[in-house]
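Report on the following structure.
The structure displayed is predicted, hence computed values, not measured ones.
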Amino acid sequence: MFMRIPIIAFLSLAAMVGGELGARGIELTVAQGEVEAGEGTAEVDRRDGEIDRPDACPTRVRREEDEVMGDKLMSNRPSLLFVSKSRSPLTPLNKGGTRNILKVPLVKGDLGGSRLDYKRHLLSVSVLSSHQSDEVSRIVRDLPASDEIAVAPEVRSPSAQDDRHKDFTSLLPTAGTIATIAEIPEAVNLNAQQLGGTLPISQGRNVEGVYVAEVKIRFVNSKGEAVDKKGNPIKGRISEDFIRGELKLKAGDNYSQEVVQLDLQQLQQLGLFDKVTVSTEEVGTDINVIYNVEERSARSVGASVTLSDDVGVAVPLSYVDRTFGTNGQRLSLEIQPSLRGVEYDVRFVSPYVAADDRLGYSVRAFGDRRISEIFNKDINLPNGDRVREIRMGGNLAVTRPLGDWRGTLGLNYTNISTRDRNLNLARRDVLGNPLTFSGAGVDELYTVSFGAVRDRRNNPFNPTSGSILSLSTEQSIPLGRGNIVSNRLLANYIQYVPVTLLGISESEALPEMLAFNLQGGTVIGDLPPTEAFRLGGRNSVRGYDGGDIGSARSYFLASGEYRFPVGRDVGGVIFVDFASDLGTGDSVLGKPAVVRDKPGTGAGVGLGVRVRSSLGLIRLDMGVSDDGDIKFVLGTKQRF
């Protein structure tokens with residue numbers, strides 16, 4: 001049974017019940033007429049009183065002092081929610097120090113920059129006493145998070161058939177009227193490109209611990225622009241809800257750079273983005289946090305032609321599908337046919353999904369051929385051919401976060417054979433030294449591996465500070481040819497240190513920094529010669545060819561780089577590398593390093609250039625070894 005009560009009378013009744021609700025009379029131009037109230041009590045969204053995270057600001061999320069006097073959201077008419085004893089700083093004080101708030105339902109819509117709570121369709125407006133004002137102001141200004149617009153899907157727009165019940169949004173200025181400067185296309189793009197997109201900080205102030213009113217997803221293009229020249233937003237193909245579900249930072253939390261870094265790491269491992277930056281915008285005393293995501297292409301195809309003294313002419317082909325399956329699953333295929341055979345690498349990856357706490361997993365099958373870096377240095381096979389290593393196998397791995405670490409557990413199989421140019425099995429070199437652990441020219445490795453990575457870089461897409469530490473162990477199971485029992489231990493640590501030796505505090509492309517890399521590893525138990533650590537080469541000591549320093553059971557590697565900007569998309573590098581086999585070269589079966597006079601230790605220094613291009617980062621390094629040899633390295637991505 002419904003009752004119709006004039007608004008003035010309803011307010012008087014609320015004042016008597018609430019005690020301290022001091023509104024003597026209010027006129028609403030939007031609801032001239034009557035407000036329909038039903039029997040019983042309207043259901044209040046209980047999420048408004050919950051604290052989702054331990055570090056959330058309780059004064060923002062839960063107001064224990066507020067007393068709800070009544071709440072009725074109508075399907076086609078505005079209704080009123082009266083709150084007494086609110087402590088909003090913008091509402092005039094009544095007697096006793098309390099403030100009165102009128103909250104009016106709103107329909108969902110683009111409010112041109114006004115901030116939305118997404119939990120309730122409520123516009124909070126100060127209710128003035130009759131001696132202060134005769135009506136509610138028609139202009140809605142930027143309010144703190146305690147006095148803001150909220151939107152939820154349950155509220156319907158007013159009935160178009162009833163002229164008396166107007167849409168309350170008609171009281172608001174148009175989107176163009178209340179748009180802030182941050183919504184101008186140039187300003188939006190500047191915000192998306194903030195500090196080159198490398199630092200999750202605010203330009204205006206230190207935002208650590210500040211209340212997060214809203215978490216936004218903003219798609220940007222390769223230039224870091226979020227809107228085009230006409231002001232239209234860049235559209236993405238990946239669902240914003242899916243991306244937001246992968247984030248730990250939620251609306252209602254207090255801003256934490258540590259949490260943001262974890263979010264960046266999670267988005268990186270999805271493999272869907274070329275770059276993700278974080279920027280903030282201030283809204284009153286609070287902030288909105290914006291994740292600017294640059295999507296990778298949905299599919300990519302590559303083809304080239306190569307010529308080598310091993311296989312002759314080869315045609316490498318590649319295909320990547322990043323829309324395969326659901327939840328960011330991807331399929332990659334690389335195949336290289338040549339006159340000497342076919343090499344291939346097929347991989348399917350389903351990343352860890354944070355929203356569902358679902359394990360990530362990957363499946364891989366591969367077959368490759370390479371000239372051995374263990375059996376090199378002019379000691380070949382009896383027929384004069386250089387030793388080829390043929391590897392075929394596959395693995396299955398699962399991943400998930402383990403506290404601050406990301407863990408990976410894998411099952412692996414690898415078949416390793418040593419062969420000549422025509423793929424005939426080779427058991428010994430020209431000096432009679434065995435090439436495989438089994439002595440038959442073929443070794444089989446069945447292993448269980450576990451790795452853990454702790455990533456504390458400020459941005460895994462383009463780090464400028466912080467560190468990353470990875471640890472792994474791989475235990476072989478004595479099955480197959482060779483009956484090998486061994487354990488391989490590896491550690492890798494990288495540290496990034498921002499510097500301003502050139503007086504350049506920031507760079508849009510390649511920032512100035514020092515980067516350090518320390519690596520180490522050892523093998524306990526059986527060690528097939530082909531599984532020895534290779535020291536020297538493009539990803540080891542530049543200035544040496546691959547494997548020319550040593551073939552070791554244990555090793556240590558240290559590298560340091562000074563990286564500095566040269567232009568917008570060009571950077572320079574000065575580097576130094578050092579590696580040692582720790583005296584373990586003679587403990588490898590057949591002593592391949594000893595018989596080939598490999599030094600066991602080596603160092604190199606050099607210069608490099610980094611160029612950002614549409615194909616990614618391209619690097620060219622010139623290394624000079626401690627023996628005076630000069631080597632050039634052309635590749636992609638940073639050395640570490």
Quiz item: Is there a donor-acceptor contact under 3.5 Å from the side chain of Arg619 to the main chain of Lys637?
Solution: yes
Quiz item: Taking only residues two or more places apart in sequence or in another chain, which ones pass side-chain contact (heavy atoms from CB on, under 4.5 Å) with Ala298?
Solution: Arg237, Thr323
Quiz item: Does a side chain donor of either Asn492 or Asn517 reach within less than 3.5 Å of an acceptor in the other side chain?
Solution: yes
Practice problem: Dump the intermediate steps for side-chain hydrogen bond (donor to acceptor under 3.5 Å, both in side chains) on Ser580 and Thr601, then the final yes or no. | Solution: CA-CA 4 Å; Ser580 172; Thr601 61; 5.7 Å; no
Exercise. Say whether, by atom type as modelled, one donor and one acceptor occur between the side chain of Asp263 and the main chain of Leu249 under 3.5 angstrom.
Key: yes
Quiz item: If only atom types and distance count, is the side chain of Thr473 paired as donor or acceptor with the main-chain N or O of Leu489 below 3.5 Å?
Solution: no
Quiz prompt | Cationic tip of Arg542 above Tyr544 ring, under 6.0 Å, 45° of axis | solution = no
Exercise. Kindly indicate whether the side chain of Phe273, heavy atoms from C-beta on, has any atom under 4.5 Å from the side chain of Ile238.
Key: yes
Quiz item: Do side-chain atoms of Ser540 reach the backbone of Gly537 as a donor and acceptor pair under 3.5 angstrom?
Solution: no
Practice problem: Start with the C-alpha gap between Glu531 and Arg488, add the side-chain angles, then the distance that decides, and say whether salt bridge (Lys or Arg N to Asp or Glu O under 4.0 Å) holds. | Solution: CA-CA 10 Å; Glu531 291 299 284; Arg488 177 181 292 258; 3.7 Å; yes
Quiz item: Out of curiosity, Phe640 CZ to Glu561 CD, how far, rounded to the nearest 0.5 Å?
Solution: 4.0 Å
Quiz item: Is a side-chain donor or acceptor of Lys598 paired with a backbone partner of Gly547 at a separation under 3.5 angstrom?
Solution: yes
Quiz item: Does the gap between the ring centers of Phe324 and Phe348 come in under 6.0 Å?
Solution: yes
Exercise. Would you sort out whether Gln266 and Tyr352 count as a side-chain hydrogen bond (donor to acceptor under 3.5 Å, both in side chains), showing the intermediate values?
Key: CA-CA 8 Å; Gln266 175 61 20; Tyr352 170 77; over 6 Å; no
Practice problem: Indicate whether any N or O donor in one side chain lies under 3.5 Å from an N or O acceptor in the other, for Gln495 and Arg457. | Solution: no
Self-check item: Reported CG-to-CG distance for the pair Asp310 and Leu339, which is rounded to 0.5 angstrom
Solution: 11.0 Å
Quiz item: Just how far is it from atom CD1 of Ile484 to atom OG1 of Thr447, taken to the nearest 0.5 Å?
Solution: 10.5 Å
Quiz item: Short question: side chain of Asp577, backbone of Ala603 - any donor-acceptor pair under 3.5 Å?
Solution: no
Exercise. Indicate yes or no for a side-chain donor-acceptor contact from Glu512 to the backbone of Leu501 under 3.5 Å, with no hydrogens or angles considered.
Key: yes
Quiz item: Hey, is the main chain of Ser465 close enough, under 3.5 Å, to the side chain of Asn458 for a donor-acceptor pair?
Solution: yes
Quiz item: Quick one: does Asp385's side chain have a donor or acceptor within less than 3.5 Å of a partner on Arg421's backbone?
Solution: yes
